Amino acid sequence: MSDHKKLYDQVFDLLEKHDNWMSKTINLIASENISSPAVRSAIVSDFRDRYAEGWPGERVYAGCVYIDEVEKICIDLAQKLFKAEFADVRPISGVVANLMMYTAFMKPMDRMMAMAIAHGGHISHARRSIGGTAGAVRGHKVRTWDFDEEEFNIDVDASKKQIRGLYEDGKDVEFLLFGGSVFPFPHPVEEFVDIAQEYDMKIGYDSAHVSGLIAAGKFQDPLREGADIMTASTHKTMPGPQHGIVLSKKEYAEEIKRAAFPGLMSNHHLHNVAGLAVVLAELQEFGEAYMTQILKNAKALAQALHERGWGVIAEHKGFTESHQVLVDVSGTPMKNGRKVEEELEKANIVINRNLLPWDKKMGRDYIKPGGIRLGSSEMTRLGMKESEMDTIAEFMHRVVVKGEDVKKIAAEVETFREDYQKVHYAFDTETDAYKHLRFM
Ligand SMILES: *Cc1c(COP(=O)(O)O)cnc(C)c1O
């Protein structure tokens, strides 16, 4: 057999191993979810090989007869679900959606406010010195929101004072960006509407993590609270294909469309637009029930870990109002998030380590941070409820605190997972969620 054929076969072998492994794990990665077999069917259609530059009906390519119809359905569903006057479903990811937002609302070098990484900000909001998208790609000067560690949220008064101080120094701020990757509590968008009007600043909201919750009316409603534009990833609390979306008031439509094409994209991954249309329809029908359970499960998981002595953040605020649970693991025998992540993975429990706001002060960094971030979206989609969250917390406790044999727990996790193999909150709930598919 040729070397190339061996590698070719090896890829398929690895894909099958991965699919089988995922069907046996407890996945608590907050930025992930499981798309339905219906979404998977849409994204393997012939759309994956096509181009359709431009807007439906005004394409630069031929062959878009059916593609246009699907994209129009997708736009309609998105506008309805998010109660938005305008939706652009072309961004191929959340980062590209953010670049569309920056391009439509700011000139290169303009100054913006955003969350610091240590406080839960995303690298696409960050400054050039750390390689962040806003700074490195667009040249934006980024100032970070003042943060209240106790409330685990943006400090409104201190941040307003910071903005006024910048203006006094002759440093204009053009854009206020809310949203982040560690996002347990809604951001105070409404509280900044007055100062935004006073200084003619526009307001953006990155809902990458919480877009599913927002669509179901379960977190906050940025477009009603004063945001001019909202961006999202479609695969975190939304169980969609990996894609992005931009939502806004009608008055910004032309600027946003131009930012997408010819600005940032030629191909916009039409198969994922089809998949997005499917998940938007699923969310119209089942989103309310699904998101309600995601929230209940996140609180239950937080409570279950807290009862076992874990340092879950924001106890006085009920731990979380989103799908996320942030835990300070520096007091566990494993001492840091990295060790916890590694050991849990061996036990078939997939989580990620995370920087805590106070890590820097304690001499910790992102390689060995003090925290872990957990999310309830994927396990909820498989039909798990509050009691299963308690079971999961106990598995974690046995690995991280009691130091039990990870191999033994891995086998128990595999058995536990046998009962949760179908996607819930979907029109089709018969097909195995992690079924390995091959066409030949
Ligand atoms: C995940 C995330 C993104 C990036 O989304 P991709 O779809 O992975 O490009 C952007 N912003 C925030 C706040 C995120 O958490």
Side-chain angles (χ1 to χ4, degrees), residues 27-33 35 39 43 78 88-103 112-127 130-138 140 142 144-145 147 152-154 175-187 189 203-214 219-220 222 227 229-247 259-260 264-265 268-269 271-273 275-276 279 320 322-326 351-355 366 371 373-378:
N27 188 319
L28 302 173
I29 303 274
S31 56
E32 295 180 3
N33 206 326
S35 47
V39 166
I43 67 180
D88 194 325
V89 299
R90 291 175 294 176
I92 57 172
S93 70
V95 168
V96 172
N98 284 345
L99 276 167
M100 280 170 61
M101 167 170 68
Y102 302 152
T103 307
M112 58 185 268
M113 301 291 301
M115 293 284 283
I117 301 285
H119 300 151
H122 189 257
I123 194 71
S124 62
H125 306 177
R127 56 174 62 110
I130 55 168
T133 311
V137 180
R138 293 272 311 163
H140 294 311
V142 183
T144 54
W145 295 113
F147 191 75
F152 217 85
N153 211 329
I154 291 169
F175 200 69
L176 307 180
L177 180 57
F178 295 95
S181 302
V182 177
F183 208 175
F185 303 108
H187 279 172
V189 177
I203 299 179
Y205 185 102
D206 181 346
S207 72
H209 266 270
V210 293
S211 52
L213 301 173
I214 287 172
F219 191 62
Q220 67 184 123
I229 179 169
M230 181 167 100
T231 62
S233 298
T234 56
H235 46 269
K236 295 183 181 180
T237 44
M238 277 177 75
Q242 293 195 329
H243 201 70
I245 193 167
V246 173
L247 304 144
L264 279 152
M265 277 163 297
H268 60 277
H269 299 186
H271 53 304
N272 287 336
V273 173
L276 180 55
V279 78
T320 181
S322 76
H323 61 306
Q324 294 186 358
V325 177
L326 194 66
I351 61 116
N352 71 269
R353 64 182 186 271
N354 217 101
L355 212 55
Y366 72 94
R373 186 188 66 173
L374 312 172
S376 60
S377 309
E378 185 157 345

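In listed order, ligands and their atoms are each counted from 1. Computed from a predicted structure; not experimentally measured.
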Non-hydrogen atom of Gln242 closer than 4.0 Å to ligand 1: no

Closest approach of any protein heavy atom to atom 6 (P) of ligand 1, naming residue and atom: Gly94 N, 3.4 Å

Atom 5 (O) of ligand 1: nearest protein contact (heavy atom, Å): Ser233 OG, 2.9 Å

Which of the ligand 1 atoms, numbered from 1, are nearer than 4.0 Å to a heavy atom of His209: 15 (O)

His125 and Asp206: side chain donor to acceptor below 3.5 Å: yes

Identity of the nearest option to atom 11 (N) of ligand 1, non-hydrogen atoms only, from Asp206, Thr234, Ile245: Asp206

Atom CD of Gln242 with >12 non-hydrogen neighbours under 6.0 angstrom: no

Check: His235 and Val279 side chains under 4.5 Å, non-hydrogen atoms: no

Residue-ligand contact Gly179/ligand 1, heavy atom below 4.0 Å: no

Student check: side-chain heavy atoms of Phe219 and His187 closer than 4.5 Å: no

Sidechain-backbone polar pair: Arg373 side chain, Asn352 backbone, donor-acceptor under 3.5 Å: no

Atom 9 (O) of ligand 1 - nearest protein heavy atom and its distance: Val95 N, 2.9 Å

ring-ring contact (aromatic ring centres under 6.0 Å, His included) between His269 and His243, intermediate numbers included: CA-CA 8 Å; His269 299 186; His243 201 70; 7.1 Å; no

Option with minimal heavy-atom separation from atom 3 (C) of ligand 1, where the choices are His125, Glu32, His122: His122

Which residue and heavy atom of the protein sit nearest atom 8 (O) of ligand 1, plus the separation: His235 NE2, 4.1 Å

Side chains of Ile29 and Glu378 in contact at under 4.5 Å (non-hydrogen atoms): no

Protein heavy-atom partner closest to atom 14 (C) of ligand 1 - residue, atom, separation in Å: Lys236 NZ, 3.0 Å

Salt bridge (Lys or Arg N to Asp or Glu O under 4.0 Å) pairs, two or more places apart, involving residues 90-100: Asp88-Arg90

Region of Ala208 engaging ligand 1 - heavy atom pairs below 4.0 Å: side chain

Distance filter under 4.0 Å to Gly180 heavy atoms, resulting ligand 1 atoms: 13 (C)

Contact (N/O only, under 3.5 Å) between Ser181 and ligand 1: yes

Residue pair Ala114 / Val142: nearest heavy atoms and the distance that separates them: CB-CG1, 4.1 Å

